[in-house]
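This report refers to the structure that appears directly beneath it.
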Amino acid sequence: MSSPTYSLAEASVRSWVKGLSEESGLLEFKAAAAFGANRRDRKPNGWTQMQERAKDVAAFANSRGGLIVLGVNDVAASSSDSEEGRLQPLDPDRIDAAIEQYRKDVSAYAQPIPLFGLFTVPAANGGLYVVVVVPPSAQAPHRVCPRDPCVSG
């Protein structure tokens, strides 16, 4: 018996961007720049990019679950509110290493480690979007460690 395969087209990503002027409790957009940003740089809120990744996944796992779409600018953070202006697919040559680092960052900073999956969606221009799927967790609550990285105990 073969396992099911799932696919998502750029049309789905575009429909989310077009249909939702803002993020919701089930969907969050992250700019391409955030995906490749220096992971140790601190944001104005004091979190590193590594902790932000863990925080986003843990928040969805602690609630009803959700999707994080990497390669789409949030309306609030974008200089453009048009669909085309917000779509910023990621460089496919660097995607495997970036996905692996995303997994490591969440695993290092979230406790207990929430379940999540990542998959790519091809863009018409040759780039890729990354969709992070986070189901609601039976192990909630998840927390994000303030230290580099979590220390058990």
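No hydrogens, no waters, no symmetry mates; every other heavy atom, side chains included, goes into these values. Numbering of residues begins at 1 and proceeds along the displayed sequence.
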For residues H142 and S137, report the shortest heavy-atom separation together with the two atoms involved. NE2-OG, 2.7 Å

So if you build clusters from Ile, Leu, Val, Met, Phe, Trp, Tyr with side-chain heavy-atom gaps below 4.5 Å, do V130 and V106 land together? yes

Yes or no on side chain to side chain contact (heavy atoms under 4.5 Å, CB included) for Y102 and L70, after CA distance, side-chain angles and deciding distance? CA-CA 11 Å; Y102 195 100; L70 308 167; 4.1 Å; yes

Taking all heavy atoms of P135 and all of L115, pick out the closest pair and write down the distance. CD-O, 3.4 Å

For Q51 versus Y109, what's the shortest heavy-atom pair and its separation? CG-CD2, 3.6 Å

Which atom pair, heavy atoms only, marks the closest approach of V134 to A61? CG1-N, 3.5 Å

Would you say Y129 ends up clustered with L27 if hydrophobic residues are merged whenever their side chains have heavy atoms under 4.5 Å apart, either directly or through other cluster members? yes

Atom pair CD/CE of Q101 and M50 - distance to nearest 0.5 Å: 8.0 Å

A side-chain contact here means heavy atoms from C-beta on lying under 4.5 Å apart; do T120 and I99 qualify? yes

Quick check: do V144 and W47 have side-chain heavy atoms less than 4.5 Å from each other? yes

Please answer whether the main-chain N or O of V72 pairs with a side-chain N or O of R86 as donor and acceptor at a distance below 3.5 Å. no

Kindly indicate whether the side chain of L128, heavy atoms from C-beta on, has any atom under 4.5 Å from the side chain of V121. no

Under 3.5 Å donor-acceptor, E10 side chain and A124 backbone: yes

To the closest 0.5 Å, what do you measure between NZ (K55) and CZ (F60)? 10.0 Å

When you group the ILVMFWY residues by side-chain heavy-atom contacts below 4.5 Å and let the links chain together, are I68 and L26 in the same group? no

With a 4.5 Å heavy-atom cut-off, do K30 and D56 have their side chains touching? yes

Specify the closest pair of heavy atoms between Q139 and P112, including all atoms of both residues, with the distance to one decimal. O-CG, 3.8 Å

Considering all heavy atoms, the nearest G126-P92 contact: O-CG, 3.3 Å

